[in-house]
Amino acid sequence: MNSDPFDFQDDAPSGGTGAASGANSGANPAGEPPWLSGLNPAQRDAVLSLLGPVLVLAGAGTGKTRVLTTRIAHLIATGHAHPGEILAVTFTNKAAREMRERVEHLLGRPAAGMALGTFHSISARWLRHYAERAGLKSNFTILDSDDQIRLLKQLIRAEDIDEKRWPARLLAGLIDRWKNRALTPQTVPQAEGMSFAEGKGLSLYRQYQERLLQINACDFGDLILHMITLMQNHRDILASIQRRARFLLVDEYQDTNVAQYLWLRLLAQRPETEPRHICCVGDDDQSIYGWRGAEVGNILRFDQDFPGAKVIRLEQNYRSTGHILGAASSLIAANASRLGKSLWTEAGAGEKIDLRGLWDANEEARTVGDLVEDRQRQGDSLSEMAILVRAGFQTREFEERMITLGIPYRVIGGPRFYERAEIRDALAYLRLLVQPDDDLAFERIINLPKRGLGTAALQMINRLARAEGTSMSRAAAQLIGSEDLRPQARRALAHFLEDFKRWREQIDQLDHPSLTELILEDSGIVEMWQKDKSPDASGRLENLRELVGAMREFDSLNGFLEHISLVMDNQEASGLEKLTIMTLHAAKGLEFDTVFLPGWEEGVFPNQRSMDEGGLSALEEERRLGYVGITRAKKRAIILFAANRQIFGQWQSSLPSRFIEDLNPQHIEEHLQQGLYGQSRSPRMVGDQSWDGGKAWGGFQGYDTEPARGPGWARAQAHGARQNVEGRGDRVRRSSRRAHGLQGVGLQAMDSRKSGHPSADQAAAPAFTIGERVFHEKFGYGEIIEISGHKLHIDFEHSGVKHVLDSFVTSS
DNA sequence: AACGGAGACCTTTTT
DNA sequence: GGTCTCCGTT
């Protein structure tokens, strides 16, 4: 991030204004500019189509970032645009940082004045400039979701709403969703405003916004929302910004939400006669943030929004081998709503996808561990391997296994550095230092470390602040001049305020890291942790030291605070090679030689809750997630699933993911564990006539061809013809038609449990009775205490009550 | 202020 | 099963 946070005024030398002139003015007369060499025709087209609206549909691994960066470099180097007229938006700060580096590398010089950042960071800069017009001061605080919740909690309490029934996080979610749709308290539809605490939703939203202005703060959504409102209501602001955004570039367009879309529309707004130089890059197949408001619709109707838009498809993949690409394509082909792309590669077929069915999650982790060690023996680096899970809880078993094996790993996406309590405490001190009206910071640290200012004192301060319509700091200052507080509390409060006064006097004397150190010492924070005997206390002190270290990279305290409220990522410096464990979401945009994809089971992936809430469109989003997962792999992908898994302390039996049947078997090599899905000698198995004892472990080979299964079946047949990848061919029908036996039973049980397709054969439930003694392969003997369909609750002699499917159990 | 018990939660997550 | 939050007790 640049030191000058708002350099977009008139510092831009004019000169790049003649966009319409000579398209090749910057080209080397001897040929073409060097940065264009090595681009394939589609990429080249995307780089050179500088004028008018352009949509680049860039499949996974097709060189999207390269196109974007080259395009920017080309704009500048050919004189089509001055850096100060370019505005490029990304979704993460990391992406922004990388993009800037690459552009400057191509140009061979800094691209000073170019606005390149996230929607939020760019908005924040503008908003600081125009703060007064939005009712804020330019040093406003950016609240994170933690602060947001605490604020909402106060409002909910003040309204006498039952916090249990109407938790603050629910309201926070509601407000976030409104903001994602660019709805202010004035524009929330009447009916929706009623949706919290018997109709108080909208009123709470309004109060929340008022309160934010009072404490001179914004939440993340406000950054964008305020800017939209400002641009809509003030022509001068809009004009000034548009001047700086003559050439717009947007990365990951499929992830934009409605508010971001409106933001872009305002920036791109031009008189009819003028072209809109907007270039959006995205991949509808990698849209995985629908659940937080992203609108795939934005990318799907780009050419309606921007008439005359040129659509360019990047389809040559440079990342993965043929089998990986083939498997991924066959999976995504099962989705109905897509713009459609056909990735291809010049790389060889490579290794097939390694598909492994295992008994339980434990074995899954062991298998991955073994395979990782195998790769290491082959000389592969750990940093080229990753385990990509659907949900956070899955990381645990892998972490445990890696610890046992002594394999260094890192988990991405755990609690982030700046979200840790001790860091947030320290930051609250700094926030209050520069912004005395920051009530949330005040409340956080007023009694930290303990200084005898408990709830009573806090309440008194709060009441006065409300009565006077002022901030808590000011109210507190007033209180120490009065007799309202007990002498002890009064002294403590006076001391607290004096500390801050003293520190503020030091702001110009000391550099900010030293000042922070001073504050941490003086306030007693350091002492507090030193006295703390809990095992993580030393780590917390370590973190505080790290915080001071991180500050040194910024030239001002304000610059640092801006950075941490927007850029909450922690870049790990450690040079040690490590295996990466992270969620599929976090993996987007990354690549690894070897990718492990565990937990491909119904319920886990696709995730049950996701489907319950979002239906078919959520299922498609899950499938895109699978597509993202597979396409992270350069050389090999291993997909795993387990028949049994403990979820929230309950054993669950599960069937392999329906996504596995979407995969074209040509690209798959199965390694199925013997005896999976209880090939036991069960006399109870419904219709078990032809079980062949293991090889064709049922679920997978069998259920694909079960017509009763519904949508999956129809899709599977339809998409064969669309194969477009190396190794194309009609989809091979699964050979086994065994639709009965264990797998049949399990299937029915699953189906009836899931939304959608009730099984036709439910009547065929085996006749277990409550109280019956049964045997389970893993849990041994037990007694049935409850039956619901095919799901049994069994009290096992050695392992307690478990929920298992009846197909895993035999009567004893 | 410090402990502990009860209850609720448990998908993904950037900014 | 694990963790977090709240609330009541000491």
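Just so we're clear, the structure is a prediction, and the values are computed from it rather than from any experiment.
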> Between atom CG of A/L625 and atom CG of A/L331, what is the distance when rounded to the nearest 0.5 Å?
Replying inline: 10.0 Å
> From A/K153 NZ over to A/R169 CZ, what is the distance, rounded to the nearest 0.5 angstrom?
Replying inline: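 Here the rounded value is 8.5 Å.
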Specify the separation, in whole Å, of atom [atom1] of [X] and atom [atom2] of [N].
| X | N | atom1 | atom2 | answer |
| --- | --- | --- | --- | --- |
| A/Q394 | B/dT12 | CD | P | 9 Å |
| A/D146 | C/dC4 | CG | C1' | 13 Å |
| A/D360 | C/dG1 | CG | C1' | 15 Å |
| A/R169 | B/dT13 | CZ | C1' | 12 Å |
| A/R451 | B/dA1 | CZ | C1' | 15 Å |
| A/I412 | B/dT12 | CD1 | P | 15 Å |
| A/E620 | B/dT12 | CD | C1' | 18 Å |
| A/H120 | B/dT15 | NE2 | P | 9 Å |

Heavy atoms from C-beta onward define the side chain here; which of [options] lies closest to that of [X]?
| X | options | value |
| --- | --- | --- |
| A/T92 | B/dT12, C/dG1, B/dT14 | B/dT14 |
| A/R292 | B/dT12, C/dC6, B/dT14 | B/dT14 |
| A/T583 | B/dT12, B/dT15, B/dA1 | B/dT12 |
| A/N93 | B/dT15, B/dT13, B/dT12 | B/dT15 |

Classify the nucleic acid contact of [X] as base, sugar-phosphate or nothing, counting any heavy atom under 4.0 Å across all strands shown.
| X | value |
| --- | --- |
| A/G392 | sugar-phosphate |
| A/Q148 | nothing |
| A/K153 | sugar-phosphate |
| A/T118 | sugar-phosphate |
| A/R396 | sugar-phosphate |

> Can A/W291 be classed as stacking with the base of B/dT12, given a centroid separation cut-off of 5.5 Å and a plane angle cut-off of 30°?
Replying inline: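 A stacking contact exists, since A/W291 sits close and nearly parallel to the base ring of B/dT12.
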>> Roughly how many Å apart are B/dT13 and C/dG2, using the P atom of each and rounding to a whole number?
In response: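 Taking atom P in both C/dG2 and B/dT13, they lie 22 Å apart.
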> Do A/D438 and A/Q435 have side-chain atoms, one donor and one acceptor, less than 3.5 Å apart?
Replying inline: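 Their side chains do not contain a donor-acceptor pair, so the 3.5 Å distance test is not met.
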> Is the NZ or CZ atom of A/R401 positioned over A/F398's six-membered ring, under 6.0 angstrom from the centre and within 45° of the axis?
Replying inline: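 Pair A/R401/A/F398 does not count as cation-pi.
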> Ion pair present between A/R338 and A/D284, side-chain N to carboxylate O less than 4.0 angstrom?
Replying inline: no
> When the nearest nucleotide of DNA chain B is assigned to A/K450 and to A/L625 on a heavy-atom basis, which residue is associated with the more 5' position?
Replying inline: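 Upstream on the strand: A/K450.
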